[in-house]
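Order of the sequence lines sets the chain letters (A, B, ...), proteins ahead of strands, with each chain counted from 1. Values below: all heavy atoms of this structure, side chains included; hydrogens, waters and symmetry mates excluded.
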Amino acid sequence: MEASVPDKPSVDGLEEKWGARWDADGTYRFDRSKTREEIFAIDTPPPTVSGSLHVGHVFSYTQTDVMARYQRMSGKEVFYPMGWDDNGLPTERRVQNYFGVSCDPSVPYDPAFDAAAFEPDTGKDAKPIPLSRKNFIELCNRLTVEDEKAFEELFRHLSLSVDWEMTYTTIGDRSRRVSQRAFLRLLDSGVAYTAEAPTMWDVDFRTAVAQAEIEDREQEGLYHRITFEREDGAGALEIETSRPELIPACVALVAHPDDDRYTKLVGTRVFTPLFDAPVPVLAHELADPEKGTGIAMICTFGDVTDVVWWKELGLPARVVMQKDGTIAPPRWGRDGWESRDVEAATAAQNELSGLYAKKARRRIAELLAESGDLQGEPEQVRHVVKFYEKGDRPLEVITSRQWFVSTLRFRDELLARGRELRWHPPHMRARYESWVEGLNADWAVSRQRFFGVPFPVWYRLDDQGVADHEHPLVPDEDRLPVDPLTDVPDGYTQEQRGVPGGFAGDPDVMDTWATSSLTPQIAAHWEDDLDLFERLFPMDLRPQSHEIIRTWLFYTVLRAHLENDSLPWTDVAISGWVLDPDRKKMSKSKGNVVTPMPLLDQHGADGVRYWAASARLGVDTAIDEQQMKVGRRLAIKALNVSKFVLKMEAAPGAVTEVIDRSMLCTLADVVETATVAFENYDHARALEIIERFFWDFCDDYVELVKSRAYGSRGEGAAGSAMAALRMALSSLLRMLAPFLPYVTEEVWSWWQEGSVHRAPWPSVGELEAGAEADPGVFASAASVLTEVRKHKAAQKISLRARVERVVVRDTPQRFGLLEPALEDLQEAGNIAVIDRTDGEDFAVETVLAPQGA
RNA sequence: GGGCGCUUAGCUCAGUGGAAGAGCGCCGCCCUUACAAGGCGGAGGUCGUAGGUUCGAGCCCUACAGCGCCCACCA
């Protein structure tokens, strides 16, 4: 084979050159004619495009790409799509900030609004411009298209081997159709249901949130010790609360049934301070005698325990917290708001009405102090408070109508699915299990937001204009996707929208996870292309990071279980996080987020990929530019050694020399071990093994056979070296290709047809010239060479310096291994004579020739 | 509070019961007919602590400590 090797090869510019070629040649194009067994399908994580580019994207996506490339070379047709997660709150916020607008559903749609030409108002005092939902969404679509371009550019530069003709967006038609279809089927089977129920609520975003999106944050708080007057006139009861502003919502006190201090009070009544509302003292197991005074105030609603008590004890609701986070106006004396002193209660609540929780808390503390119901000074404490993960104010429990998807009743089945799934690394399953075991609520799946997938349902309005939520009107599946706010249910006309006797569209959108949890179905064209779906589903691999096990992974397992009665994939690979160089988690608020493009520019995509691929799955990894430099150096080394091997002119012949066969035998072992590592999803181990051998090959083997390959011992001996060198180089380039796609492709192109990324993964079979050989020959020759080098280094002389005599002390058996390599060794070390003495311990004595001779 | 993981060289990390490893950093040497933006070599470790199992433990068991994360924790 004629090699065409440049004189001065360089790793610079390879990204542009090969990126364009792969695109033009369709190197990574998916061939859908393959069968399920021939395909390796990846459920690629759709990145949130409205976030900024983050070095974490480079890290985890590289790890997946390495596996994709290995599978492709192993003969699998790799289904490797890319999705963009543009749906949801991050985009809404970004659009609001970027364009200076807000979404106001009460604003009518403006057909003349030109989203493409809209200019943000950058004035300092600019007020947000209110837009209709539809116009707002037009702006969302415009911005996400721009964001997606930036992501695609990064991923292409990084050389993700995705098929760029198979992209989807989570707000696109296909995602909306799949989400709505899956929802309708859950509705039909009763798994999805609507209910008016207390739900965790973010008062700033004014939407319900699900358990999975809640996080605990530790906060400063104040314990207020409050007295409740006993109805029997026997003094007062004391309770402790961090939320005194909810005293008007208090509907009972509760103590543990076994708590002797309170058992005889159970069944009696007390009066709330300030509001004088009579409330019963009750008993319940969940009351903790250790906390506070051992008796707690049940409010509607201060936290989720209140909801449990309220439900299980059959208590009335007296809601004072409004959806906007302020205290409601009083209704004492009406609507079941019973008080001994309606006037005083009304006056007290008027002091709080309209205030946010925090201010109301301070105000009521003053009122309680004045009335003498506050005992002592409030005590400062640190306690945990539930927040929406994207929110800034504590969540409230607010009663509202929401859509739910049952999860609790599937707990055991979902645990079984988790055990069926192969986890990499295996211990990550514990996080899934602890999440599933800790589920305490069905999935609240509706959001009172704008940029999301609408619920495909309408409600009949009765004569009074009241919606019938229990019997929603649904579209036929072939109408999907629909927007119930613009589309009309079958049998109705647009004029009937919102009028008594007519209909109303559901105004909510789905939780973004309700779409993301269907990425396998979306990517595989579920129900749209049955032929394709059956070739892809269930998929092979879900790569993702560990912090979204309870969301993305859990919900995806749930949806596939419900829709397809199967796992969505057989294997999950959990990547770690990228930490900053001080091993701190990167976050926008800390300002330590590293953007990837400068790293790619400085160290090359191959260098950055090397760093990412060196990290094992599940291990959080500090960003390490030193490792990227090492990767770049490896790429340069690959370039140079390839140039050297391919420029040598001797014709490859039969591999006859023992040391050549020995090296190939060692290589065959590397191939085998690296293959096993990949099959176990251990790309880092594979890289380590391959790289180790690559350096041995360069430093020892090439040095040992160099002279012979130049012809020092005739054509046959040269031909053996040339053949072995080229075989090894071919295998090594292919094994490095998943990690260093650019440099390996460049070198491959000098002497091989086609792309290295479509070349077959090396096999032991193709190295059969090394079969039956003893790897000890190469190894012992290399170790003697190392000893001679060591001696020369110690004598501070050139490695080329002549050696008069080398005496190897070893057993006869082991020296026998060295014998076939003696001539190569002499030439490589510039050694005149090699002798042997007997000895158990291997040692090498080097006698230098008089220097300067 | 429950769980998972980690703790090995200055740093980042491999190490699968049988002679403590790699890369980087550091130090020294070498312009060697692929590579000086390179190469060759060297120094550097009480394997977190304390017990135990074993002929033998960095590895298995128990307890403890520190760090990180997951889950729970709003009186």
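Using a 4.0 Å heavy-atom cutoff across all strands shown, A/Arg429 reaches no nucleic acid atom at all. A/Ala287 comes within 4.0 angstrom of a base, heavy atoms only. Residue contacts for A/Lys643: at a heavy-atom cut-off of 4.0 Å it reaches the sugar-phosphate backbone alone, with no base atom in range. Among the protein residues, A/Asp288 comes within range of the nucleic acid bases, having at least one heavy atom under 4.0 Å from a base atom. Using a 4.0 Å heavy-atom cutoff across all strands shown, A/Arg550 reaches sugar-phosphate atoms only and no base atom. Note on A/Glu290: nothing from the nucleic acid sits closer than 4.0 angstrom, heavy atoms only. A/Leu286 comes within 4.0 angstrom of a base, heavy atoms only. A/Ser642 comes within 4.0 angstrom of nothing in the nucleic acid, heavy atoms only. Contacts of A/Val384 with the nucleic acid, taken as non-hydrogen atoms under 4.0 Å apart, include base atoms.
The side chain of A/Lys291 contributes an N or O atom lying less than 4.0 Å from OP1 or OP2 of B/C74. Within the 4.0 Å cut-off from OP1 or OP2 of B/C26, not a single side-chain nitrogen or oxygen of A/Gln626 is found. OP1 and OP2 of B/A34 both lie 4.0 Å or more from every side-chain N or O belonging to A/Tyr701. Residue A/Lys790 has a polar side-chain atom (N or O) positioned under 4.0 Å from OP1 or OP2 of B/G42. The phosphate of B/C31 has neither OP1 nor OP2 within less than 4.0 Å of any side-chain N or O from A/Ser798.
Listed nucleotides: B/A14, B/C40, B/A22. Nearest to the side chain of A/Arg616: B/A14. Picking from B/A22, B/G42, B/C73 the nucleotide with the shortest atom distance to the side chain of A/Lys386 gives B/C73. Closest to the side chain of A/Trp577, out of B/G23, B/G28, B/C69, is B/C69. Looking at the side chain of A/His383, the nearest of the listed nucleotides B/C35, B/C74, B/A72 is B/C74. In the set B/C70, B/U33, B/C40, B/C70 carries the atom at the smallest distance from any side-chain atom of A/Arg431. The side chain of A/Arg633 lies closest to B/C24 when the candidates are B/G5, B/C24, B/G41. Each of B/G28, B/G39, B/A72 was ranked by its minimum atom distance to the side chain of A/Ala793; first place goes to B/G28. Comparing B/C74, B/A34, B/G41 by their nearest atom to the side chain of A/Lys637 picks out B/A34. The listed nucleotides are B/C24, B/A14, B/G5; the one nearest the side chain of A/Val619 is B/A14. Closest approach to the A/Val702 side chain among B/C71, B/C30, B/A34 is made by B/A34 (side chain taken as heavy atoms from C-beta onward).
Mapping A/Asp624 and A/His427 onto RNA chain B by nearest heavy atom places A/His427 closer to the 5' end of the strand. Looking at which nucleotide of RNA chain B each of A/Asp303 and A/Trp695 is closest to, the 5′-most match is held by A/Trp695.
Distance CD (A/Glu703) to P (B/G38): 17 Å, rounded to an integer number of Å. Between the CZ atom of A/Phe693 and the P atom of B/A22 there is a distance of 18 Å, rounded to whole Å. A straight line from CD of A/Glu379 to P of B/C74 spans 16 Å, rounded to a whole angstrom. Rounded to whole Å, the distance from CD1 on A/Ile239 to C1' on B/C74 is 13 Å. Atoms CD1 (A/Ile689) and P (B/A22) sit 16 Å apart, rounded to a whole Å. Taking atom CD1 on A/Ile548 and atom P on B/C70, their separation rounds to 13 Å, with Å as the unit. One can place CG of A/Asp216 at 8 Å from C1' of B/A72, the figure rounded to the nearest angstrom. The separation between A/Leu687 atom CG and B/G23 atom C1' is 11 Å, rounded to whole Å.
Across all strands shown, B/A14 forms no Watson-Crick or G-U wobble pair with both distances under 3.5 Å. Judged by Watson-Crick or G-U wobble contacts below 3.5 Å, the nucleotide B/G68 has B/C4 as its partner. Of all nucleotides present, only B/G28 satisfies the Watson-Crick or G-U wobble test against B/C40, with each distance under 3.5 Å. Pairing partner, B/A63: B/U49, with both Watson-Crick or wobble hydrogen-bond distances short of 3.5 Å. Partner assigned to B/A9 is none, using Watson-Crick or G-U wobble distances below 3.5 angstrom. Look at B/G58: it lacks any Watson-Crick or wobble partner with both distances under 3.5 angstrom.
Between the C1' atoms of B/G48 and B/U8, the separation comes to 10 Å (whole Å). B/G10 and B/U49 have their C1' atoms separated by 23 Å, given to the nearest Å. Going from the C1' atom of B/U53 to that of B/A14 covers 27 Å, rounded to whole Å. Using atom C1' as the reference point in both B/U7 and B/U46, the two lie 15 Å apart (nearest Å). The separation of B/C73 from B/U54, taken at their C1' atoms, amounts to 43 Å, rounded to a whole angstrom. Comparing the P positions of B/G23 and B/U33 gives an interatomic distance of 25 Å, to the nearest angstrom. Of the P atoms belonging to B/G39 and B/A50, the separation is 42 Å, rounded to the nearest Å. B/G41 and B/A22 have their C1' atoms separated by 16 Å, with the value rounded to a whole Å.
Of the charged side-chain nitrogens involved, none lies within less than 4.0 Å of a carboxylate oxygen, so that A/Lys386 and A/Asp303 do not count as a salt-bridged pair. Using a 4.0 Å cut-off between charged nitrogen and carboxylate oxygen, A/Glu220 and A/Arg382 count as a salt-bridge pair. Between A/Lys629 and A/Asp624, none of the side-chain N atoms (NZ, or NE/NH1/NH2) sits under 4.0 Å from a carboxylate O, so this pair counts as no salt bridge. Residues A/Arg789 and A/Asp700 are paired through a salt bridge, judged by an N-O separation under 4.0 Å between the basic side chain and the carboxylate.
The side-chain tip of A/Arg393 points at the ring of A/Tyr356 from less than 6.0 angstrom away and within 45° of straight on.
The aromatic ring centroids of A/Phe554 and A/Trp513 lie 6.0 Å or more from each other.
Between A/Val747 and A/Ala638, the shortest heavy-atom distance links the atoms CG2-O, 4.2 Å. Considering every non-hydrogen atom in both A/Pro248 and A/Ile364, the closest pair reads CD-CD1, 4.4 Å.
Every residue two or more places apart in sequence or in another chain that forms a side chain to side chain contact (heavy atoms under 4.5 Å, CB included) with A/Lys637 is listed here: A/Phe694, A/Trp695, A/Cys698, A/Asp699.
Listed by first then second residue, pairs satisfying salt bridge (charged side-chain N to carboxylate O under 4.0 Å, His left out) with a partner in residues 684-696 of chain A read A/Arg616-A/Glu688, A/Arg685-A/Glu688, A/Arg692-A/Asp696, not counting sequence neighbours.
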